[in-house]
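Residue indices begin at 1 and follow the sequence shown.
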Amino acid sequence: MKDKGIRVVVYGADVKCASCVNAPGSRETYEWLQAAIGRKFNDSHIIYAYYDIHEEKQADADHSIIQQILNGELFYPLVMIENEVVTEGDPRLKKVYQVLERHGIKQLGNL
């Protein structure tokens, strides 16, 4: 595991996409994801970030990812772990957990 921590990033928007009307918003998904990860893993080495795809001047945001979302090539909310696209749209926790474990994050019962 890297000393700086593992980056978990969510790209999204306050405005829901047309096909996401009944789904939680991007910011709610971001908060839910943090809570879900924190219940299962020791997340002291995880750095969380949220970027709004419609907001300019977000220094650490990957602008090529934002452009792909705006172009419809990727769906939001988009979850990335260490620059890897893990899940798009309705996030799949199982996939997120697998990638975190692959990066050395330990489950709470396995410390």
Side-chain angles (χ1 to χ4, degrees):
M1 182 171 24
K2 300 174 182 101
D3 289 347
K4 68 177 170 49
I6 302 298
R7 284 184 48 85
V8 174
V9 178
V10 175
Y11 288 90
D14 288 337
V15 178
K16 293 182 184 181
C17 65
S19 62
C20 306
V21 174
N22 294 321
S26 297
R27 197 167 297 276
E28 290 91 354
T29 298
Y30 170 67
E31 292 167 357
W32 167 78
L33 194 60
Q34 283 185 68
I37 291 170
R39 281 192 300 273
K40 187 167 177 94
F41 293 91
N42 174 6
D43 67 350
S44 61
H45 294 289
I46 297 177
I47 301 163
Y48 297 98
Y50 175 83
Y51 299 110
D52 188 310
I53 61 172
H54 298 297
E55 211 170 290
E56 307 235 348
K57 297 184 181 170
Q58 298 177 99
D60 293 333
D62 183 331
H63 296 285
S64 67
I65 293 292
I66 291 174
Q67 196 56 53
Q68 288 178 64
I69 294 170
L70 293 173
N71 291 343
E73 298 166 33
L74 295 170
F75 298 104
Y76 67 89
L78 176 106
V79 178
M80 296 183 72
I81 298 176
E82 287 297 300
N83 299 316
E84 173 188 345
V85 174
V86 176
T87 183
E88 306 172 58
D90 187 17
R92 302 286 176 233
L93 276 178
K94 185 176 182 180
K95 176 76 172 155
V96 170
Y97 292 164
Q98 288 170 344
V99 175
L100 287 172
E101 288 176 338
R102 195 173 73 224
H103 283 284
I105 301 296
K106 304 281 186 220
Q107 290 191 28
L108 287 174
N110 301 333
L111 295 178

If we only count heavy atoms from C-beta on, is the H54 to L70 side-chain gap below 4.5 Å? yes
Could you tell me whether the side chain of E82 and the main chain of R7 form a donor-acceptor pair under 3.5 Å? yes
Would you mind writing out the side-chain donor-acceptor pairs for residues 30-40 within the sub-3.5 Å range, not counting sequence neighbours?
from, atom 1, to, atom 2, distance (Å)
Y30, OH, Q34, NE2, 3.3

Can you get from M80 to I47 by hopping between Ile, Leu, Val, Met, Phe, Trp and Tyr side chains that sit under 4.5 Å apart? no
Nearest-0.5 Å distance, CG of residue L74 to CD of residue E88: 4.5 Å
Beyond-backbone contact of I66 with Q68, side-chain heavy atoms, under 4.5 angstrom: no
Please tell me if the side chains of E84 and R102 come closer than 4.5 Å, counting only heavy atoms from C-beta onward. yes
Considering only heavy atoms from C-beta outward, does the side chain of Y51 approach that of D60 to under 4.5 Å? yes
Do I46 and L100 come close enough that some side-chain heavy atom pair is under 4.5 Å? yes
Starting from the C-alpha separation in whole Å, work towards a yes-or-no answer on side chain to side chain contact (heavy atoms under 4.5 Å, CB included) for R27 and T29. CA-CA 5 Å; R27 197 167 297 276; T29 298; over 6 Å; no
Roughly how far, to the nearest 0.5 Å, is the CG atom of L93 from the OG1 atom of T87? 9.0 Å
Minimum heavy-atom separation for V96 to I81, with atom names? O-CD1, 3.8 Å
Quick one: are Y50 and P77 in side-chain contact, heavy atoms under 4.5 Å? no
Any chance you could measure Q67, atom CD, to I53, atom CD1, to the nearest 0.5 Å? 10.0 Å
Between V10 and S26, what is the shortest heavy-atom contact and its length? CG1-O, 4.4 Å
Counting only heavy atoms from other residues, nucleotides and ligands, does the tally under 6.0 Å from CZ of F75 exceed 12? no
Taking CG in N71 as the centre, count heavy atoms belonging to other residues, nucleotides or ligands within less than 6.0 Å. Is the count above 12? yes
Give the intermediate values and the outcome of side chain to side chain contact (heavy atoms under 4.5 Å, CB included) for residues D43 and I105. CA-CA 7 Å; D43 67 350; I105 301 296; 5.9 Å; no
Heavy atoms from other residues, nucleotides or ligands near CD of E56 exceed 12 (cutoff 6.0 Å): no
